[in-house]
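Quick note: residue numbers are just sequence positions, from 1. Values below: all heavy atoms of this structure, side chains included; hydrogens, waters and symmetry mates excluded.
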Amino acid sequence: MSRSAGERCLGLCILLVLCAGSAPGAIADVYKYVDNDGNVYFSDEPLSGADLQLEWKRTSKRLVTENKAQSQAARKRRDEAMARVQARLDSQALNVSAARPSAPVSGSMSVRRARYRGLIEANAARYGLSAALLHAVIRTESAYKANALSHAGACGLMQLMPGTAARFKVHDIWDPAENIRGGSAYLRFLLDLFDGDLRLALAGYNAGENAVKKYGYEIPPYRETQNYVRKVLRHLAAEGVAHRS
């Protein structure tokens, strides 16, 4: 199984442990093994195999306690990250054209938007982003067209370049779920890199983070990138208007 599948298996193990823990005297151990290819395995009993190495053994009580602490810490990091982004949005003096909302999504675009709403909201929660931001980026990048292909070779809903897709472990760049996950992970990375500065994160998404660094952590003087940042912010403002209406 893959590492991600293994992590899902851990969640199942924890659920089973919790259920088992409800019975008097039922205290199980959980074992974590890694094979030579880096695949992760969880079991409630020792496993044998020349290619398996025991990474750790936990009692059910300890594993549940650790998982609870990790979940609380992850929620705290997500909430803090979202608060930083919102603070930037509230405090930054955006220019007039950026502050003016775009027209609401309508027609065939609204149909496509509805098709991917669930994936967008799930990835927003997973990476500590606002769903409105992902909608604004996707509307700018592809108008919610999963088969969009740019002249530069960017693909899919979030217009991932193949190198960026590989960097964030996107196996099928044309799969909407994988594409949105990869784009969301990249946005999360950029927001962390630029200390929650949304304008710089968007500039990095368009031109690459090294271009932002090259120009002294400012939006690069590329017309395409500057227009891109303004357009996403207009769409983001429209998301706020739509949400309040």
- Query: Are any non-hydrogen side-chain atoms of Ile120 and Tyr144 less than 4.5 angstrom apart?
  - Reply: yes

- Answer yes if Leu149 and Val170 sit in the same cluster of Ile, Leu, Val, Met, Phe, Trp and Tyr residues linked by side chain heavy atoms under 4.5 Å apart, and no otherwise. yes

- Spell out, yes or no, whether Tyr222 and Tyr228 are grouped together once hydrophobic residues are joined by side-chain heavy atoms under 4.5 Å, including indirect joins. no

- Task: May I ask whether Met109 and Tyr116 are part of the same hydrophobic cluster, defined by side-chain heavy atoms of I, L, V, M, F, W, Y residues being less than 4.5 angstrom apart, directly or through others?
- Result: yes

- Item | Hydrophobic cluster membership, Tyr215 vs Val229, 4.5 Å side-chain cutoff | no

- Query: Should Met158 and Met161 be regarded as members of a common hydrophobic cluster, given that ILVMFWY residues are connected when their side-chain heavy atoms come within less than 4.5 Å of each other, either directly or indirectly?
  - Reply: no

- Query: Judged by modelled atom types alone, do Glu141 and Tyr205 share a side-chain donor-acceptor pair under 3.5 Å?
  - Reply: no

- Query: Are the side chain of Arg77 and the backbone N or O of Gly128 linked by a donor-acceptor pair below 3.5 Å?
  - Reply: no

- Item | Arg167: salt bridge (Lys or Arg N to Asp or Glu O under 4.0 Å) partners, not counting sequence neighbours | Glu209

- Rounded distance [0.5 Å steps], CD in Gln53 versus CD in Glu55: 9.0 Å

- Message: More than 12 heavy atoms of other residues, nucleotides or ligands under 6.0 Å from CD of Gln72: yes or no?
- Response: yes

- Side-chain H-bond candidate by donor/acceptor type, Thr59 with Asp29, under 3.5 Å: no

- Approximate separation, where rounding is to 0.5 Å, of Lys145 NZ and Arg112 CZ: 5.0 Å

- Query: Any luck finding a side-chain donor-acceptor pair between Asn227 and Arg230 under 3.5 Å?
  - Reply: yes

- Message: Are the side chains of Phe194 and Tyr217 in contact, using a 4.5 Å heavy-atom criterion?
- Response: yes

- Message: As an exercise, state the distance from CD of Gln226 to CG of Asn206, rounded to the nearest 0.5 Å.
- Response: 10.5 Å

- Distance col, row Ile180:CD1 vs Leu134:CG, nearest 0.5 angstrom, shows 8.0 Å

